[in-house]
Amino acid sequence: MDTLWIKNGLVYDGLGTPGVYKDLFVEGEKIKAMGALAAGQTADRVIDAQGYIVCPGFVDIHRHCDIKPLYDKRFGECELAQGITTVVAGNCGMSPTPCPKGQRSAEEMYDLYEPVLGPAAHEMPKTYEEYQKALDGARLPMNMAAMIGAGAVRIAVKGFSSAPYTKEEREKAREIVWQAIKLGAPGVSLGIMYLPECYGTADEYAYILEPVGRYGGVIAAHIRGEGDKMVESVAEVIAIAKKAGCALEISHFKSCGIKNWRKDIHTAIGLIEKARAEGQDITCDLYPYDGGSTALTTMLPPELVKGDLTGALQALGTKEGVEEFRRKSRREWEDWDNLAVLLGWDRILIGGVVSDKFRPMVGMSIEEAARKFCYEDAEALAAALMHEEKGKTSIINLSMCQEDIDTVARLPYANIISDAIYGKTDKPHPRMYGAFPKIIREYVRERKIYTLEEGIRRMTSQPAARMGIEKRGYLAEGNYADILLFDPKRFRDHATYADPARLATGLEYCIVNGQIAVAHDKRVAKAFYGRHIRVKHEKRNGQLPQR
């Protein structure tokens, strides 16, 4: 069994305690001993960590890398460079399984998710269990757990219909959720903002999510609206979690829209604090950037779709369809946050496209590209993109203010995430390449939002515990040896909105399950030492109760 001795390092255990000089002895994939090791200690490899911080590998509980490990051999480069050793996929209601029956329905789902998850492999698993088995056999550069998405469940059960679940469909959806939790999904994600989940009601969610509560799982919720409807959307997911008996993680908690800055976030935090005081288990997370990223189809008013996404995209290729989109995207809606109004097309950037025709527009705002390439207006270009690319275009929304981000960052129960999306583009959101070292550089060193021990805790033990991932996220004897070594003055991000595909630098070592994956800032060739993680939930006997 391979052994590794890391000596003379300043060790931050990930639990929020200040650094202490001590040694770590790794045997196989686990930490065998910590402290002052006996004189004469030997190991197959010795690393002198003098001058370096030693801490747990970072745990990113919100990354959209569901499909990548199934077909992309390059997957892992930007993740390992920033010290990520464990990821949780299946976020925002989007998971590659369960897959709906019928080729057309499956293609519709993959097309909808492509700007976020990336293009689907030729042969995709059909069920959550098949997906888990695929991850078991994949060459993983880091550890990976995967939630099941409520959006995928809805599409599998009833397609893109805007109608409520029938009783039979509701039972089927609940059964799919229950089976996923029993198979080790850390939880279920919601994407209430997205089609077709936006048609769901709080009561429907509470019913199908009840098994998550009974088994001690968590729901990670992309709320219904993050702009004008943010406060009431937070109230909605709090009510859903309470009724279902679930722990709740509010995903990428933020307030979008210039008129909402510096006020709505405080009202929403008040709702969370009240629920926590009453005994609800509620946490949240954030990424350290003032812009988000998603699919351009989020700009489609749900009233235009009416349960038929393919038909809506086809209609955008007609003069009448463009005019209807223009008219409806220039007004506010009672039940939907319209970012075209909240932000303006000048703050919505084209992030990724699939056709060469639109490639010169990548990185421009939709308003700028419409002018430069002689479209009638921003709506005409947005309609053309959605129609011609079948909804596969990704965007970056410059939607937040730094003061609100800092407010969320200071909440003691806020976790750090990347929310990296994997749509095909040369200009991804910079969070894909830099979210975690950005915390060390900016939030710890430069602006001192966190102490180093606190910043590390929010990227290691706290998110791991939130997802029920055991023996990872903090350094202790018997835990898995996911370990980083870095000089905090040198470890930094380089990715920006203008130049996003730049690797972080300054990571001396990244160790995954006891094996060196990055050494001296370079990825080790053929470093695939990750494991597929199944979360162990409390077992209950009997059948799923009927209501």
Side-chain angles (χ1 to χ4, degrees), residues 59-67 86-99 109 112-113 115-117 128 131-132 135 144-157 173-174 176-181 183-198 200 202 204-213 215-226 233-234 236-238 240-241 244 246-254 281-287 292-295 298 415 417-422 463 466-469 533-535 537:
V59 179
D60 187 354
I61 62 172
H62 193 118
R63 208 166 178 95
H64 290 281
C65 54
D66 306 65
I67 297 174
T86 300
V87 297
V88 178
N91 284 282
C92 296
M94 303 179 193
S95 56
T97 61
C99 180
M109 186 178 87
L112 178 67
Y113 290 170
V116 178
L117 305 186
Y128 181 77
Y131 176 62
Q132 282 195 316
L135 289 179
M144 184 171 171
M147 292 186 285
I148 191 169
V153 172
R154 185 180 179 97
I155 294 170
V157 170
R174 191 161 170 247
I176 292 171
V177 166
W178 186 43
Q179 292 300 324
I181 292 297
L183 288 167
V188 177
S189 73
L190 315 183
I192 311 178
M193 169 185 165
Y194 294 113
L195 293 164
E197 279 193 78
C198 61
E204 285 179 332
Y205 275 114
Y207 185 81
I208 68 172
L209 294 171
E210 189 270 346
V212 185
Y215 271 70
V218 63
I219 56 173
H222 183 142
I223 60 177
R224 191 177 296 275
E226 296 175 327
S233 296
V234 168
E236 179 185 37
V237 293
I238 290 174
I240 289 170
C246 300
L248 171 65
E249 176 84 359
I250 300 177
S251 296
H252 36 65
F253 181 37
K254 57 182 177 282
D281 183 0
I282 303 175
T283 55
C284 65
D285 50 55
L286 72 144
Y287 48 81
S293 188
T294 186
T298 58
N415 299 303
I417 61 166
S418 72
D419 193 14
I421 71 174
Y422 287 77
R466 190 19 144 197
M467 287 293 158
I469 298 172
I533 298 172
R534 287 178 171 85
V535 172
H537 297 286

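Hydrogens, waters and symmetry mates are skipped; everything else that's a heavy atom, side chains included, is used.
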List in chain and number order the residues that pass side-chain hydrogen bond (donor to acceptor under 3.5 Å, both in side chains) with [X], two or more places apart in sequence or in another chain; answer none if no residue qualifies.
X      : value
Asn415 : Glu249, Gln462
Asn91  : His62
Tyr131 : none
Ser251 : none

Atom pair [atom1]/[atom2] of [X] and [Y] - distance to nearest 0.5 Å:
X      : Y      : atom1 : atom2 : value
His252 : Asp419 : NE2   : CG    : 4.5 Å
Cys198 : Ile192 : SG    : CD1   : 10.5 Å
Gln132 : Arg534 : CD    : CZ    : 4.0 Å
Asp60  : Ile417 : CG    : CD1   : 7.0 Å
Ile238 : Ile250 : CD1   : CD1   : 5.5 Å
Ile223 : Leu190 : CD1   : CG    : 11.0 Å

Donor-acceptor contact present, side-chain [X] to main-chain [Y], <3.5 Å:
X     : Y     : value
Ser95 : Thr97 : yes
Thr86 : Val59 : no
Asp66 : Gly90 : yes

With sequence neighbours left out, what residues match [X] under salt bridge (charged side-chain N to carboxylate O under 4.0 Å, His left out)?
X      : answer
Asp285 : none
Arg224 : Glu236
Glu197 : none

Please give me the minimum heavy-atom distance between [X] and [Y], naming the atom from each residue.
X      : Y      : answer
Gly93  : Ser189 : N-OG, 2.8 Å
Ala150 : Tyr205 : CB-CE2, 4.2 Å
Arg63  : Ser418 : NH1-OG, 2.9 Å
Tyr287 : Gly292 : OH-CA, 3.1 Å
Tyr128 : Ala146 : OH-O, 2.6 Å
Ile148 : Ala185 : N-CB, 4.5 Å

Handout entry: Worked check of side chain to side chain contact (heavy atoms under 4.5 Å, CB included) between Met193 and Thr298
Key = CA-CA 8 Å; Met193 169 185 165; Thr298 58; 3.6 Å; yes
Is any side-chain heavy atom of [X] closer than 4.5 Å to a side-chain heavy atom of [Y]?
X      : Y      : result
Ile469 : Pro186 : no
Leu248 : Val237 : yes
Tyr422 : Cys65  : yes

According to side-chain contact (heavy atoms from CB on, under 4.5 Å), who are the partners of [X], at least two apart in sequence or on a separate chain?
X      : answer
Gln179 : Glu175, Lys182
Met109 : Pro100, Tyr113, Ala152, Ile155
Val212 : Val177, Ile181, Val188, Leu209, Ile219, Cys246
Ala247 : Val218, Asp281, Arg466

Handout entry: Lys/Arg N to Asp/Glu carboxylate O, Arg174 vs Glu204, below 4.0 Å
Key = no
Exercise for the section: With side chain to side chain contact (heavy atoms under 4.5 Å, CB included) as the test, would you mind laying out the steps for Met144 and Leu135 before giving the verdict? Expected result: CA-CA 8 Å; Met144 184 171 171; Leu135 289 179; 4.1 Å; yes
Handout entry: Within residues 87-99 or reaching into it, pairs that qualify as salt bridge (charged side-chain N to carboxylate O under 4.0 Å, His left out) - sequence neighbours excluded
Key = none
Exercise for the section: Please determine, by modelled atom types, if Thr294 and Tyr194 share a side-chain donor-acceptor pair under 3.5 angstrom. Expected result: yes
Practice task
Applying side chain to side chain contact (heavy atoms under 4.5 Å, CB included) between His64 and each of Ser293, Cys92, Pro115, report the one that passes.
Solution key: Cys92
